[in-house]
**Student:** 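Got a structure for you, written out below as structure tokens; questions coming shortly.
Quick caveat: nothing in here was measured; it's all calculated off a predicted structure. When reading the values below, keep in mind they use all heavy atoms of this one structure, side chains included, and skip hydrogens, waters and symmetry mates. Letters A, B, ... mirror the listed sequences (proteins, then strands); counts begin at 1.
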Protein chains: 2
Amino acid sequence: MSDDDFALSDVEVSLQPLERFEEYLQSRGKRITKQRRILVEHVFRRHEHFDADELLDELQQSRQDKLASRATVYRALTELVDAGLLRKMDLAGRAVYEHDYGYPQHDHLYCTHCHSLIEFHSDGLVKLRNEVAQGHQFRVTGHKFIVQGICEACQRSLRRQKRPLDLM
Amino acid sequence: MSDDDFALSDVEVSLQPLERFEEYLQSRGKRITKQRRILVEHVFRRHEHFDADELLDELQQSRQDKLASRATVYRALTELVDAGLLRKMDLAGRAVYEHDYGYPQHDHLYCTHCHSLIEFHSDGLVKLRNEVAQGHQFRVTGHKFIVQGICEACQRSLRRQKRPLDLM
DNA sequence: GTTGTTGCAAATTTTTTGCACCCAC
DNA sequence: GTGGGTGCAAAAAATTTGCAACAAC
């Protein structure tokens, strides 16, 4: 069986995150360690946005046998982004991560009140992005589109607070 | 003469940045100090992206009579954003600022190689943004759209470096 | 066995804050 | 005169790094 039996695109969609990460590590001469395995498994256990500190807490809380140190978590997050498994966003000063691998491309509505992130997808956005880039001879590798505002729930709670009798 | 003689939109476009800032300060019971005046004047002297540290350097370099301290610069930048004079972006870990007041709305192509920012405007983007938000009952206050990639100049220099003769 | 990896703590980097003194109002 | 503002230095917060012990390969 030759290497050609697996086209890159097939491999990309069929591998589990951990397998994909191991592939990445091997291609770079890096080692598959216990910590890296634990990290990937943990991160892809559920689909949520998180930052380095939250992840570190989860890997250390209520257990004396810490699964990974702070330094290792930071180093692994960088690798996971590099491997295309995670996406990194700079929000309000700190880095927030989310699944990228095996997850459809999307953008976010960011509520500046409760700091929640609402995902959405828009084909038109990508089209528009590529057109603009082409006009500037710019080679696109990605984008960050964050729409700031107030989510529906916060609008209601704010309305209740600020205008108790102004309903009429 | 009633207040209505000055519609908000007229006032917004006719005032100088400093005047606009003074208006903001007065409305908050804050004081118009020498440092705040110097900062606004300096920041709006030219249209460039900058971070807190660059600004601080410019206000202190080659002069023993420092124009503003680090703390004052950080505090003023927060006020200027709050006043609507500056826009803040979180790029690569640190905050980058640019003119907002009196400057047309725009977005950026961000070269991840030379870290330059290329501005562009797209009506379609705003339209698309509003449509998406409306679909989620989300009240938009703004957005950040950053297209990452390699600018034209860097594409050329990279091409030259990496494949001199394509040997080996 | 060799070489990359981890953990720890110290170091960096960026931004915030407490407080005594100063100045705009 | 008074209360907000400034500068300074220390503190915080987030992330990176040097290095000795350790573990993949």
Side-chain angles (χ1 to χ4, degrees), chain A residues 18-19 21-42 49-61 63-83 86 88-97 115, chain B residues 18-19 21-42 49-61 63-83 86 88-97 115:
Chain A
L18 177 55
E19 296 173 323
F21 191 42
E22 291 181 344
E23 191 180 76
Y24 161 85
L25 291 172
Q26 291 185 333
S27 74
R28 307 286 180 110
K30 294 187 164 196
R31 292 171 182 174
I32 298 168
T33 63
K34 186 173 57 168
Q35 287 86 342
R36 282 176 175 150
R37 233 171 349 229
I38 288 172
L39 258 151
V40 180
E41 301 261 67
H42 182 87
H49 301 88
F50 63 92
D51 62 29
D53 219 49
E54 285 166 8
L55 179 54
L56 185 63
D57 277 351
E58 292 169 7
L59 293 176
Q60 299 196 338
Q61 75 175 162
R63 55 170 68 239
Q64 49 289 77
D65 59 322
K66 301 181 177 181
L67 300 176
S69 71
R70 178 179 311 280
T72 297
V73 166
Y74 275 102
R75 286 188 278 234
L77 285 173
T78 301
E79 292 168 339
L80 287 170
V81 169
D82 197 44
L86 293 182
K88 178 182 179 179
M89 285 180 280
D90 286 307
L91 232 57
R94 75 188 175 304
V96 174
Y97 299 85
H115 300 100
Chain B
L18 177 55
E19 296 172 322
F21 191 43
E22 293 181 341
E23 189 179 76
Y24 161 85
L25 291 171
Q26 291 185 330
S27 74
R28 306 286 180 112
K30 295 186 163 197
R31 292 174 182 172
I32 299 166
T33 63
K34 186 174 55 172
Q35 287 87 341
R36 283 177 175 150
R37 234 176 342 234
I38 288 171
L39 257 151
V40 179
E41 303 260 66
H42 182 86
H49 300 90
F50 62 93
D51 63 29
D53 218 49
E54 285 167 8
L55 178 55
L56 185 62
D57 277 352
E58 291 170 8
L59 293 176
Q60 299 196 337
Q61 75 177 162
R63 53 169 69 238
Q64 49 289 75
D65 59 323
K66 302 181 176 180
L67 299 177
S69 69
R70 178 180 309 281
T72 297
V73 167
Y74 274 101
R75 286 187 278 235
L77 285 173
T78 303
E79 293 168 339
L80 287 169
V81 169
D82 197 43
L86 293 181
K88 178 182 179 179
M89 286 180 281
D90 286 306
L91 233 57
R94 72 187 177 303
V96 174
Y97 299 84
H115 300 102

**Student:** Measure from CG on A/Asp90 to P on D/dT15 and round the result to the nearest Å.
**Tutor:** 8 Å

**Student:** Expressed in angstrom and rounded to an integer, what is the separation of A/Leu25 atom CG from C/dT5 atom P?
**Tutor:**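 Whole-Å distance recorded here is 8 Å.
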
**Student:** Do B/His42 and B/Leu55 have side-chain heavy atoms sitting under 4.5 Å apart?
**Tutor:**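 Answer yes - side chains close enough.
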
**Student:** Please name the residue in the list B/Arg94, B/Arg70, B/Glu58 that meets the side chain to side chain contact (heavy atoms under 4.5 Å, CB included) test with B/Asp53.
**Tutor:**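 Of the listed residues B/Arg94, B/Arg70, B/Glu58, the side chain to side chain contact (heavy atoms under 4.5 Å, CB included) partner of B/Asp53 is B/Arg70.
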
**Student:** D/dT15 P sits how many Å from A/Leu77 CG, rounded?
**Tutor:**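 For the pair A/Leu77 CG and D/dT15 P, the rounded distance is 9 Å.
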
**Student:** Applying a 4.0 Å non-hydrogen cut-off, can you work out what B/Lys34 is touching in the nucleic acid: base, sugar-phosphate, or nothing?
**Tutor:**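 Nothing: the residue B/Lys34, judged by heavy atoms under 4.0 Å, touches no strand.
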
**Student:** Look at the side-chain N and O atoms of A/Ser69 and state whether any lies under 4.0 Å from the OP1 or OP2 oxygen of C/dC8.
**Tutor:** no

**Student:** Whether the side chain of A/Arg31 and the base of C/dG4 hold a donor-acceptor pair under 3.5 Å is what I'd like checked.
**Tutor:**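 Under the 3.5 Å cut-off, the side chain and the base do form a donor-acceptor pair.
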
**Student:** Starting at CG of A/Leu67 and ending at C1' of C/dT5, how long is that distance when rounded to a whole Å?
**Tutor:**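 Rounded to the whole Å, the gap is 16 Å.
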
**Student:** Strictly distance-based, threshold 3.5 Å: is any side-chain N or O of B/Arg36 a donor or acceptor partner for the main-chain N or O of B/Arg31?
**Tutor:**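 Answer holds: yes.
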
**Student:** Let me see the working for A/Val40 and A/Leu80 under side chain to side chain contact (heavy atoms under 4.5 Å, CB included), right down to the final yes or no.
**Tutor:** CA-CA 8 Å; A/Val40 180; A/Leu80 287 170; 3.8 Å; yes

**Student:** Rounded to whole Å, how long is the line connecting atom CG of B/Leu91 with atom P of C/dT13?
**Tutor:** 19 Å

**Student:** Hey, does the side chain of A/Thr33 come within less than 4.0 Å of C/dT6's phosphate (OP1/OP2), counting only N and O?
**Tutor:** yes

**Student:** Do A/Glu41 side-chain atoms and A/Ile38 backbone N/O form a donor-acceptor pair below 3.5 Å?
**Tutor:** no

**Student:** If each of A/Asp53 and B/Thr72 is mapped to the nucleotide of DNA chain D with the nearest heavy atom, which maps nearer the 5' terminus, i.e. the 5' end?
**Tutor:**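 On the 5' side of the pair lies B/Thr72.
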
**Student:** Which residue lies toward the 5' end of DNA chain C, B/Gln26 or B/Ala71, if each is placed at its nearest nucleotide?
**Tutor:**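 The residue closer to the strand's 5' end, by nearest nucleotide, is B/Ala71.
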
**Student:** Atom CZ of B/Arg75 to atom P of D/dG4: distance rounded to whole Å?
**Tutor:**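 My rounded result for the distance is 14 Å.
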
**Student:** So what does B/Arg70 touch, heavy atoms closer than 4.0 Å: a base, only the sugar-phosphate, or nothing?
**Tutor:** base

**Student:** Would you mind reading off the distance between A/Lys88 atom NZ and D/dT16 atom C1', rounded to a whole angstrom?
**Tutor:** 11 Å

**Student:** Do B/Leu39 and B/Thr72 come close enough that some side-chain heavy atom pair is under 4.5 Å?
**Tutor:**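 When only atoms from C-beta onward are counted, B/Thr72 and B/Leu39 do touch, with a gap below 4.5 Å.
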
**Student:** Given C/dT15, is OP1 or OP2 found less than 4.0 Å from the side-chain N or O atoms of B/Tyr74?
**Tutor:** yes

**Student:** Report the end-to-end axis angle of the helix from C/dG1-D/dC25 to C/dC25-D/dG1; each axis comes from five terminal pairs, and the value is rounded to 10°.
**Tutor:**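 Nearest ten degrees gives 30° for this helix.
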
**Student:** Using only modelled atom types and a 3.5 angstrom limit, is any donor from either the side chain of B/Arg28 or the base of D/dG4 paired with an acceptor on the other?
**Tutor:**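 For B/Arg28, whose side chain was compared with the base of D/dG4, there is no donor-acceptor pair (under 3.5 Å).
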
**Student:** Between the side chains of A/Asp82 and A/Arg28, is the shortest nitrogen-to-carboxylate-oxygen separation below 4.0 Å, so that they form an ion pair?
**Tutor:** yes

**Student:** Ignoring backbone atoms, test whether B/Arg94 places a side-chain nitrogen or oxygen under 4.0 Å from the OP1 or OP2 oxygen of C/dT13.
**Tutor:**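 Looking at the OP1 and OP2 atoms of C/dT13, neither is under 4.0 Å from any side-chain N or O of B/Arg94.
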
**Student:** Can you measure A/Tyr24 atom OH to C/dG4 atom P for me and round it to whole angstrom units?
**Tutor:**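 Atom-to-atom, A/Tyr24 to C/dG4, this comes out as 15 Å.
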
**Student:** Can you find a side chain N or O atom of A/Gln35 that sits less than 4.0 Å from OP1 or OP2 on C/dG7?
**Tutor:**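 Checking A/Gln35 against C/dG7: at least one side-chain N or O falls below 4.0 Å of OP1 or OP2.
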
**Student:** Measure the CG-CZ distance between A/Leu86 and A/Phe21 for me, rounded to the nearest 0.5 Å.
**Tutor:**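 Those atoms lie 9.0 Å apart.
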
